[in-house]
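Whatever order the structure lists ligands and atoms in, that order sets their numbers, starting from 1.
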Amino acid sequence: MDLIRSAADLARLDTLRGVRPLVFVPTMGALHDGHLSLIRYGAELGPVVVSIFVNPTQFGPNEDYDAYPRDLDRDLALLKPLNVAAVFNPPVQEVYGQPGGVTIQPGQRGTGLCGADRPGHFCGVLTVVAKLFGLVNPDVAIFGRKDAQQCLVIGQMVDDLKMSVRLIDAPTVREPDGLAMSSRNRYLSDDQRRQALCLSRALQQARVRIEDGERSVKTLIQAMTADLQKADAVEYAEVRSVPDLMIPETVSGRTLLAVAAQVGPARLIDNLVLDIQANEITDSCLLDTGRDLWT
Ligand code: AMP
């Protein structure tokens, strides 16, 4: 496993380019099984490059950039058995030059949901993802469906800027009790950990309501908001169409159920992506490009 720290040394990736696609999994480190599932899937497609980079520009002024967990040795030990070809772990200066450089603003999909609660967040995400795509030049990039809006905002950037990378959204990995895995779960006390279960439960109960025939977005949002009351503060409970993230009046076809809430010191998000047909409700994905690769 090659540990690469500078842009210049990324030339070493050229030995990996060939018949199989070069697969890229961007992360901020503090790896857990959610990250590892993306990497395991990627390894089936081709050689995998993982980036570990805590991106300063996607954190707001009052967010946890300084406190964000960083433990490179632990992360490398977790990656070693996974047959990862290279890890890119640049210092901030290597990615961002002087202030005043080019940034990328999200399109319409970046408004609302996390875009409303975290101004500037998706600009930071898109800017760093574009830089990392430019540096690594992958054929395929894998993102977690857990960050649904992020997947769709990046998908729109790749489409609109005609970037030649294929995107895949991989399913959310959960703890046995349903809590979506997150690097921020480690901020939670035992009591807060129990409180945090209200996010995945609100989503599951919404799914049951839909399976029982409920189609009104207003009713589903009211029920999810009520189910989230164990959280310290509800940021949003929303229902959106996929992939455009519009607000429908009734649910049908590919649909995102998304929640965000503050639990103790952690801002947590979770979602379900469903394909809602008259006779059948099934799990679905966000990005069409991944559909035939990830089933
Ligand atoms: P992060 O390090 O939080 O930026 O996450 C790196 C990648 O892992 C992103 O594409 C996330 O969506 C994905 N990811 C984070 N948590 C999970 C999870 N529980 N299941 C699947 N993917 C995840």
(request) May I ask you to check whether over 12 heavy atoms, not counting those of Glu211, lie within 6.0 Å of atom CD? (result) yes
(request) Return a yes/no value for Ala180: is any of its N or O atoms, backbone included, closer than 3.5 angstrom to an N or O of ligand 1? (result) no
(request) Could you tell me whether Ser183 approaches ligand 1 through its side chain, its backbone, both or neither, with non-hydrogen atoms closer than 4.0 Å? (result) neither
(request) Among all protein heavy atoms, pick out the one at the shortest distance from atom 4 (O) of ligand 1; state its residue, atom name and that distance to 0.1 Å. (result) Met28 CG, 3.6 Å
(request) For atom 20 (N) of ligand 1, grab the closest protein heavy atom and report residue, atom and distance to one decimal in Å. (result) Val173 N, 2.9 Å
(request) Under 4.0 Å from a heavy atom of Pro171: give me the atoms of ligand 1 that qualify, with their elements. (result) 20 (N), 21 (C)
(message) Measuring from atom CD1 of Ile52 to atom CZ of Arg5, what distance do you get when rounded to the nearest 0.5 angstrom?
(response) 9.5 Å
(message) What protein heavy atom lies closest to atom 19 (N) of ligand 1? Include the residue and the distance to one decimal.
(response) Met181 O, 2.8 Å
(message) Could you measure the distance from the CZ atom of Arg194 to the CG atom of Leu197? Nearest 0.5 Å is fine.
(response) 9.0 Å
(message) Out of all atoms in ligand 1, which are within 4.0 Å of some heavy atom of Phe143? Include the element for each.
(response) 10 (O)
(message) So for ligand 1, is Gly144 a polar contact partner (N or O within less than 3.5 Å, distance only)?
(response) yes
(message) Consider side chain to side chain contact (heavy atoms under 4.5 Å, CB included). Of Leu45, Val165, Val48, Leu22, which one does Val140 pass it with?
(response) Leu45
(request) Mark yes or no for whether Gln195, through its side chain, and Lys230, through its backbone, hold a donor-acceptor pair below 3.5 Å. (result) yes
(request) Might you confirm whether atom CG of Asn83 has over 12 heavy atoms from other residues, nucleotides or ligands at distances under 6.0 Å? (result) no
(message) I need the Leu220 CG to Leu257 CG distance, nearest 0.5 Å.
(response) 7.0 Å
(request) Write out the residue and atom name of the closest protein heavy atom to atom 1 (P) of ligand 1, then the distance separating them to 0.1 Å. (result) His35 NE2, 3.7 Å
(request) Report the nearest protein non-hydrogen atom to atom 16 (N) of ligand 1: residue, atom name, distance rounded to 0.1 Å. (result) His32 CE1, 3.3 Å
(message) Let me confirm one number: the NZ-OG1 distance from Lys131 to Thr103, rounded to the nearest 0.5 Å.
(response) 9.5 Å
(request) Using distance alone, decide if ligand 1 has a nitrogen or oxygen within less than 3.5 Å of any nitrogen or oxygen in Thr172. (result) no
(request) Answer yes or no: is there a donor N or O on one side and an acceptor on the other, between the side chain of Glu280 and the main chain of Gln277, under 3.5 Å? (result) no
(request) Quick one: look at Lys146 and ligand 1, take heavy-atom pairs under 4.0 Å, and tell me if it's side chain, backbone, both or neither. (result) side chain
(request) Report yes or no: is the cationic atom of Arg186 (NZ for Lys, CZ for Arg) closer than 6.0 Å to the six-membered ring centre of Tyr68, at no more than 45° off its axis? (result) no
(request) Starting from atom 7 (C) of ligand 1, find the nearest protein heavy-atom neighbour and note its residue, name and distance. (result) Pro26 O, 3.7 Å
(request) Counting heavy atoms only, name the option from Asp169, Asp147, Leu36 that's nearest to atom 14 (N) of ligand 1. (result) Asp147
(message) What I want to know is whether Leu38 and ligand 1 share at least one N or O pair that is separated by under 3.5 angstrom.
(response) no
